[in-house]
Asks: 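Next up is a structure, given as structure tokens.
In this text the structure is predicted, and so the values were computed from the model without any measurement. Every number for a ligand or one of its atoms is a count from 1 in the order of the listing.
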Amino acid sequence: MAIDLHTHSTASDGTEAPSVVVRRAVEAGLHTMALTDHDTTLGWREAADAARAHGIRLVRGIEVSCSRRHQSIHLLAYLPDPDHPALVAELARARESRDTRLDRMVGLLAADGIPVTVDSVRAEVEEGATAGRPHIADALVSAGVVQHRDEAFVRFLGNASRYYVSHYAPDPVRAVELVRAAGGVPVIAHPRSVTRGRVVEDALVEELVSAGLLGIEVHHRDHTPEAVRHLTDLARSLGVLATGSSDYHGEGKLNRLGENTTAPTVLEAIEELASGSSVVEQ
Ligand code: AMP
Ligand code: FE
Ligand code: FE
Ligand code: ZN
């Protein structure tokens, strides 16, 4: 009865179409999966159709990009209303800023003689999908500059790189409030990940709980055993849910479906707390 609540498709920076991610989830033996593309609900419909066809439960979600003082913070939103005007507007604003930021990063890379163009990067992004650094990485792979996404991040695209440009994203307090207003269940994603620069400090998690945060993604590949213990205690002391997930990106990352999972009782709580949309049943 494995439950994996964090996956990406070609609606953002995953490498497989939503229907393919659903099929892979079935093959991986999952009972329930969430599709949580960055800043978009574009993949929801295709994933829902596939979930019904393949007999798996689908939790519709979003991974909302947030930012505070140049720190990038990710917020998972489960079962929000996809038509909530303020949430829709905020996601669109972030996606638009991601587009201009992509162009700026490509400009910096090209100016340094790295063979990449806006067109070659655009060719890696599905129509309407959320553009991100992984798509620049894919263009660099296609051009034969690097072997895989990770090498592109290490050499050119990391947060400390001279080519890095940030994009607009809402403050996490505002994002938590928006997700709640849209009837969704906000869960802070991988707060102790060190692969992304700074960790999310406990004080900020506490501030977000005061704003309406309902859970912490505890079990995640980027968390050390010590971090898992710490976050388990933090979730318990703050009285919020503790989830676990793979953060699957297809072939774009090593993360495998079902490598971290969420307890059935926690999913039940998420379903009870949500009022924006429903779980797609088989
Ligand atoms: P962006 O949202 O455009 O700033 O890009 C961040 C995304 O890049 C994250 O959501 C990850 O999916 C991906 N990413 C970060 N580091 C790596 C890496 N080393 N290898 C592959 N993908 C990565
Ligand atoms: Fe990603
Ligand atoms: Fe994330
Ligand atoms: Zn993710």
Side-chain angles (χ1 to χ4, degrees), residues 4-16 21 33-40 43 59 61-67 70-78 91 94-106 108-109 121-122 124-125 129-141 146-161 163-170 172 175 186-200 216-223 243-257 259-260 262:
D4 186 340
L5 294 183
H6 186 165
T7 73
H8 296 266
S9 74
T10 49
S12 65
D13 60 0
T15 60
E16 295 162 353
V21 177
M33 65 162 280
L35 184 72
T36 52
D37 277 303
H38 298 285
D39 303 323
T40 188
V59 175
I62 310 167
E63 187 172 15
V64 181
S65 304
C66 309
S67 164
H70 303 292
Q71 182 180 11
S72 153
I73 295 154
H74 287 176
L75 182 73
L76 293 158
Y78 295 117
L91 296 177
R95 288 197 307 272
E96 279 156 26
S97 173
R98 281 171 161 283
D99 285 338
T100 40
R101 166 272 198 142
L102 202 86
D103 294 353
R104 287 175 61 200
M105 284 189 70
V106 170
L108 292 174
L109 287 158
V121 175
R122 286 283 144 210
E124 306 289 348
V125 188
T130 303
R133 283 179 282 167
H135 299 109
I136 305 178
D138 291 346
L140 292 170
V141 172
V146 295
Q147 298 285 323
H148 42 69
R149 281 185 177 180
D150 189 52
E151 187 186 347
F153 271 85
V154 169
R155 289 180 57 193
F156 303 112
L157 305 175
N159 292 3
S161 151
Y163 307 113
Y164 178 77
V165 176
S166 63
H167 61 80
Y168 167 78
V187 173
I188 184 87
H190 44 65
R192 288 265 155 174
S193 170
V194 285
T195 66
R196 328 167 11 84
R198 281 177 289 164
V199 303
V200 178
I216 300 173
E217 188 178 53
V218 171
H219 301 276
H220 186 283
R221 171 183 283 257
D222 292 353
H223 290 162
T243 68
S245 305
S246 67
D247 205 353
Y248 180 71
H249 282 69
E251 296 314 306
K253 277 186 173 182
L254 297 174
N255 309 35
R256 293 300 93 190
L257 286 163
E259 68 176 29
N260 282 293
T262 294

Asks: Given His249, which partner from the list His148, His135, His8 fulfils the ring-ring contact (aromatic ring centres under 6.0 Å, His included) test?
Replies: His8
Asks: Restricting to N, O or S atoms of Glu63, which is nearest to the Fe ion (ligand 3)?
Replies: OE2
Asks: Is it the side chain (CB and beyond), the backbone, both or neither of Glu151 that lies under 4.0 Å from ligand 1, heavy atoms counted?
Replies: neither
Asks: Can you tell me the N, O or S atom of His74 that's nearest the Fe ion (ligand 3)?
Replies: ND1
Asks: Enumerate the atoms of ligand 1 whose separation from the nearest heavy atom of Gly252 is less than 4.0 angstrom.
Replies: 21 (C)
Asks: Looking only at the side chains, is there a donor atom on one of Glu16 and Tyr248 sitting less than 3.5 Å from an acceptor on the other?
Replies: yes
Asks: Taking ring-ring contact (aromatic ring centres under 6.0 Å, His included) as the definition, give me every residue that meets it alongside His220, ordered by chain and number, with sequence neighbours left out.
Replies: His190, His223
Asks: Looking at Lys253 and Glu259, does any basic side-chain N land under 4.0 Å from a carboxylate oxygen?
Replies: no
Asks: Does any N, O or S atom in Asp247 come within less than 2.8 Å of the Fe ion (ligand 3)?
Replies: no
Asks: Give the atom numbers and elements of ligand 1 that come within less than 4.0 Å of a heavy atom of Arg149.
Replies: 21 (C)
Asks: Answer side chain, backbone, both or neither: which part of Asp13 comes under 4.0 Å from ligand 1, heavy atoms only.
Replies: side chain
Asks: Under the side-chain contact (heavy atoms from CB on, under 4.5 Å) rule, collect the residues that match up with Arg104, sequence neighbours excluded.
Replies: Val165
Asks: Does any part of the side chain of Arg149, heavy atoms only, come nearer than 4.5 Å to the side chain of Asp138, both counted from C-beta?
Replies: yes
Asks: Testing His70, Arg133, Gln71 for side-chain hydrogen bond (donor to acceptor under 3.5 Å, both in side chains) with Asn159, which one passes?
Replies: Arg133
Asks: Quick one: are Met33 and Leu257 in side-chain contact, heavy atoms under 4.5 Å?
Replies: no
Asks: Taking 2.8 Å as the distance threshold, tell me the number of protein N/O/S atoms next to the Zn ion (ligand 4).
Replies: 4
Asks: May I ask you to check if any N/O/S atom from His190 comes under 2.8 Å of the Fe ion (ligand 3)?
Replies: yes
Asks: Looking at ligand 1, does any of its N/O atoms fall within less than 3.5 Å of an N/O of Tyr164?
Replies: no
Asks: Answer yes or no: is there a side-chain heavy-atom contact under 4.5 Å between Thr36 and Val59?
Replies: no
Asks: Is there a nitrogen or oxygen of Arg101 sitting under 3.5 Å from a nitrogen or oxygen of ligand 1?
Replies: yes
Asks: Ligand 1 versus His8, non-hydrogen atoms closer than 4.0 Å: side chain, backbone, both, neither?
Replies: neither
Asks: Hey, does Arg98 sit under 4.0 Å from ligand 1 if you only count heavy atoms?
Replies: yes
Asks: Contact between Ile62 and Asp37 at the side-chain level, heavy atoms closer than 4.5 Å - yes or no?
Replies: no
Asks: With heavy atoms of Gly132 as the reference, note each atom of ligand 1 found under 4.0 Å away.
Replies: 3 (O)
Asks: Closer than 2.8 Å to the Fe ion (ligand 3): does that hold for any N, O or S atom in His6?
Replies: no
Asks: N/O to N/O below 3.5 Å, does that happen between His249 and ligand 1?
Replies: yes
Asks: Per the side-chain hydrogen bond (donor to acceptor under 3.5 Å, both in side chains) rule, which among His38, His167, His74, Arg98 passes with Ser65?
Replies: Arg98
Asks: Distance from Thr130 atom OG1 to Leu91 atom CG, nearest 0.5 Å?
Replies: 8.0 Å
Asks: Arg192: which residues meet the salt bridge (Lys or Arg N to Asp or Glu O under 4.0 Å) condition with it, sequence neighbours left out?
Replies: Asp202
Asks: For ligand 1, which atoms have a heavy atom of His38 less than 4.0 angstrom away?
Replies: 10 (O)
Asks: Are the charged groups of Arg256 and Asp247 less than 4.0 angstrom apart, N to O?
Replies: no
